[in-house]
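Reviewing the structure listed below.
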Amino acid sequence: MFTGPLEDRIAIRELNDTYGDGVVRIDADTWGSVWADDAHWNLMGHETNGKEAIVGFWTQAMSGLESVSFTGAMASCEIDGDTATSRVQTQEILNPKDGDTRVVGGLYEDKLERRGGQWLFTSRIFKIVAEYTPPKN
C-alpha cells in the first residue's frame, strides 16, 4: 500500500536509490548518509545499533566483496506526518573476492523519520527470501 504525500514517497524512493548506489559503488559515505544517528539495523538476525556502528559493520562485510549488483523495488510506503514505514524487495548479485557468486532476493522492512527536512532510516530489518549459487563455468 502507498499512502501519504507523493513528494515524501519520492524522497523515500530516492533515499532507497542512494542506499543502492552506495552498495554498488561500495561507498560507505554514500551508503551511510541514509541512516539516522540512532538507527537500528537487523541484517539476517545480526543486530547493530547507531549509525557509526552500522556503517562500521557494513564496511567490514563489504570488504570481502569484489563487486555487487543491487536493485531495490519499493513494495509499500505509508507516510504519517514525519514518520513512515516501507517495504523494499531487493535483487543482489554478490561477487566475493574468494568464493562463489551468490544471487540473493531479499526484503527490507523499514521505519523512517523526517529529521531536519530529510528522510532517514531509523530501522531496517533485512531477510533473505530466496538465494541461488550459479554453477561455475
* Asked: Parallel, tilted or perpendicular for Trp58 and Trp31, by the 30°/60° rule?
  -> parallel

Taking atom [atom1] of [X] and atom [atom2] of [Y], what is their separation to the nearest 0.5 Å?
{"X": "Leu94", "Y": "Asp100", "atom1": "CG", "atom2": "CG", "value": "12.0 Å"}
{"X": "Leu112", "Y": "Ile12", "atom1": "CG", "atom2": "CD1", "value": "5.0 Å"}
{"X": "Arg124", "Y": "Leu43", "atom1": "CZ", "atom2": "CG", "value": "10.5 Å"}
{"X": "Thr83", "Y": "Asp8", "atom1": "OG1", "atom2": "CG", "value": "10.5 Å"}
{"X": "Arg13", "Y": "Thr18", "atom1": "CZ", "atom2": "OG1", "value": "10.5 Å"}
{"X": "Thr59", "Y": "Ile54", "atom1": "OG1", "atom2": "CD1", "value": "11.5 Å"}

* Above 12 or not: heavy atoms from other molecules or residues under 6.0 Å from CD of Glu131? -> yes

* Asked: Do other residues, nucleotides or ligands put more than 12 heavy atoms under 6.0 Å from the CD atom of Glu7?
  -> no

Hey, are the side chains of [X] and [Y] touching, using non-hydrogen atoms and a 4.5 Å cut-off?
{"X": "Met62", "Y": "Val68", "result": "yes"}
{"X": "Arg102", "Y": "Ile128", "result": "yes"}
{"X": "Phe57", "Y": "Trp41", "result": "yes"}
{"X": "Lys51", "Y": "Leu120", "result": "no"}

What heavy-atom pair brings [X] and [Y] nearest, and what distance separates the two atoms?
{"X": "Gly72", "Y": "Val88", "answer": "CA-CG1, 4.0 Å"}
{"X": "Ala84", "Y": "Ile79", "answer": "CB-CG1, 3.9 Å"}
{"X": "Gly81", "Y": "Trp119", "answer": "O-CH2, 3.8 Å"}
{"X": "Trp35", "Y": "His40", "answer": "CZ3-O, 3.9 Å"}
{"X": "Thr101", "Y": "Pro134", "answer": "O-CD, 3.2 Å"}
{"X": "Arg9", "Y": "Thr3", "answer": "CD-O, 3.8 Å"}

* To do: Name all pairs fulfilling the side-chain hydrogen bond (donor to acceptor under 3.5 Å, both in side chains) condition that reach into residues 84-93, sequence neighbours left out, sorted by first residue then second.
  => Ser76-Arg87, Ser86-Asp110

In one Ile/Leu/Val/Met/Phe/Trp/Tyr side-chain cluster, 4.5 Å: [X], [Y]:
{"X": "Met44", "Y": "Val104", "result": "yes"}
{"X": "Val24", "Y": "Val55", "result": "yes"}
{"X": "Val103", "Y": "Leu107", "result": "no"}
{"X": "Leu15", "Y": "Phe2", "result": "yes"}
{"X": "Ile93", "Y": "Ile26", "result": "no"}

* **Cationic N near anionic O, under 4.0 Å, Asp37 to Arg115** => no

* To do: For side-chain contact (heavy atoms from CB on, under 4.5 Å), just list the numbers for Tyr108 and Phe121, CA-CA rounded to whole Å, side-chain angles, deciding distance to a tenth of an Å, and then say yes or no.
  => CA-CA 11 Å; Tyr108 282 101; Phe121 292 113; over 6 Å; no

* Examine distances only and state if a side-chain atom of Lys97 and a backbone atom of Ser63 form a donor-acceptor pair shorter than 3.5 Å. => yes

* Residues that Arg25 engages under side chain to side chain donor-acceptor pair (under 3.5 Å), provided they are two or more places apart -> Asp21, Asp27, Thr30

